[in-house]
Participant: 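Pasting a structure here, questions to come.
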Protein chains: 2
Amino acid sequence: MARAATTADAFNAVAEPRRRQILDVLAGGERPVNDLVRQLGLPQPQVSKHLRVLREVGAVDVRDEGRRRLYRLNGRALKPIHDWVKDYERFWSERFDELDVVLEELKRKEEGDGSE
Amino acid sequence: MARAATTADAFNAVAEPRRRQILDVLAGGERPVNDLVRQLGLPQPQVSKHLRVLREVGAVDVRDEGRRRLYRLNGRALKPIHDWVKDYERFWSERFDELDVVLEELKRKEEGDGSE
DNA sequence: GACAAATATTCCTATATAGGTATACAATTG
DNA sequence: CAATTGTATACCTATATAGGAATATTTGTC
């Protein structure tokens, strides 16, 4: 059985790091394919292929400008990812809290042992 | 060329929705495999397979308790996902900001038309 | 109109996998 | 000790893909 298609949802689309890179660049503003090609140092066909995936999950939109195709980010498509992962933030934030407590206790111990 | 392995990183591991579900359940606390099997209504071998992936990306930790294996969440492993997607929050938050402005203007208009 | 630029798409391939089925192994129970 | 429980894993299969190489199509320039 195959994995879910890369175009199945945003999670699958952005699992591929190059596609995340493309989104990162587009976060800075609308771009033609050529810009992405140059900026990412990837071959043009590759970039087009990745853009197609991103387009199909709705993460980018495209408009024609003559022979150029300008792509822009649709960040809303990434919201499901954020919505899912944000609930896990407490698992590393609390960790920091616990670490602070432990460090505080260690500090007290050191002060308590300061006499040795 | 194959896609990156599901065990390549957290992004690839959680692209599969069942694995996200597993993490969601474990977010509620340490669990034996059997609990996950029953709670998710998945066959046991499937659950074990998914758990192995999650274990390899570090998203879960396991300890033996007799013949039972208890799995617990390591939420830190999901931080890279959060770190990446959080910068995109502005792309839907600003949208909400704009919507608020529009709604505010509509409200003012309605209040202005309140005399009719 | 010839040529170049920009880009999408086709063809190909080796690779990994999600689920199904069956099995192996260890621990527990009676 | 036999039977049961709990779980990991092996074997199998159909499927999708990331990149490479090549190509097709459209638009722009001179």
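In what follows, every chain begins at residue 1, and chains take the letters A, B, ... in the order their sequences are listed.
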Participant: Which pairs with one or both residues in residues 40-80 of chain B pass ring pair (Phe, Tyr, Trp, His ring centres under 6.0 Å), sequence neighbours excluded?
Facilitator: none
Participant: Rounding to an integer number of Å, can you tell me how far A/R68 CZ sits from D/dT25 C1'?
Facilitator: 18 Å
Participant: Rounding to a whole Å, what distance do you find between B/R69:CZ and C/dC25:P?
Facilitator: 16 Å
Participant: With sequence neighbours excluded, give me every salt bridge (Lys or Arg N to Asp or Glu O under 4.0 Å) pair touching residues 31-50 of chain B.
Facilitator: B/R31-B/D35, B/D35-B/R38
Participant: Taking the nucleotide of DNA chain D with the closest heavy atom to each, which residue, A/G66 or A/T7, is nearer the 5' end?
Facilitator: A/T7
Participant: If you compare every side-chain N and O of A/R19 against the phosphate oxygens of D/dA18 (OP1, OP2), does one of them come in below 4.0 Å?
Facilitator: yes
Participant: Let me know the distance between CZ of B/R20 and C1' of C/dA18, rounded to the nearest Å.
Facilitator: 15 Å
Participant: Ignoring backbone atoms, test whether B/R18 places a side-chain nitrogen or oxygen under 4.0 Å from the OP1 or OP2 oxygen of C/dG19.
Facilitator: yes
Participant: Choose from D/dT4, C/dT10, C/dA4 the nucleotide whose nearest atom is closest to any side-chain atom of A/R67.
Facilitator: C/dA4
Participant: Does any part of the side chain of A/R76, heavy atoms only, come nearer than 4.5 Å to the side chain of B/Y88, both counted from C-beta?
Facilitator: no
Participant: Among residues at least two apart in sequence or on other chains, which ones pass salt bridge (charged side-chain N to carboxylate O under 4.0 Å, His left out) with A/R67?
Facilitator: none
Participant: Give the rounded distance in Å between these two atoms: CD1 of B/I22 and P of C/dA18.
Facilitator: 11 Å
Participant: Return the value, rounded to whole Å, for the distance between atom CZ of A/R63 and atom P of C/dT7.
Facilitator: 12 Å
Participant: Quick check on contacts: within residues 25-46 of chain A, what sits under 4.0 Å from DNA chain D by heavy-atom distance?
Facilitator: A/P43, A/P45, A/Q46
Participant: Who are the side-chain contact (heavy atoms from CB on, under 4.5 Å) partners of A/P45, not counting sequence neighbours?
Facilitator: A/P43
Participant: CZ of A/R55 versus P of C/dT7: gap in Å, rounded?
Facilitator: 13 Å
Participant: When you compare the protein's N or O atoms with those of nucleotides 11-16 of chain D, which come within less than 3.5 Å of each other, and at what distance?
Facilitator:
{"residue": "D/dT13", "atom": "O2", "partner": "A/M1", "partner atom": "N", "Å": "3.3"}
{"residue": "D/dA14", "atom": "N3", "partner": "A/M1", "partner atom": "N", "Å": "3.1"}

Participant: When the distance from CG of A/D64 to C1' of D/dT26 is rounded to whole Å, what number comes out?
Facilitator: 10 Å
Participant: Round to the nearest Å and state the distance from A/L70 atom CG to D/dT26 atom C1'.
Facilitator: 15 Å
Participant: Mind checking side-chain contact (heavy atoms from CB on, under 4.5 Å) for A/D83 and listing every partner two or more places apart, or none if nothing turns up?
Facilitator: A/K79, A/K86
Participant: Going by the rule salt bridge (charged side-chain N to carboxylate O under 4.0 Å, His left out), which residues pair with B/E30 if we only count those two or more places apart in sequence or in a different chain?
Facilitator: B/R63, B/R72
Participant: Is any side-chain heavy atom of B/I81 closer than 4.5 Å to a side-chain heavy atom of A/V14?
Facilitator: no
Participant: OP1 or OP2 of C/dG19 less than 4.0 angstrom from a side-chain nitrogen or oxygen of B/H50, does that happen here?
Facilitator: yes
Participant: Can you list every pair that meets salt bridge (Lys or Arg N to Asp or Glu O under 4.0 Å) and has a residue in residues 8-28 of chain A, with sequence neighbours left out?
Facilitator: none
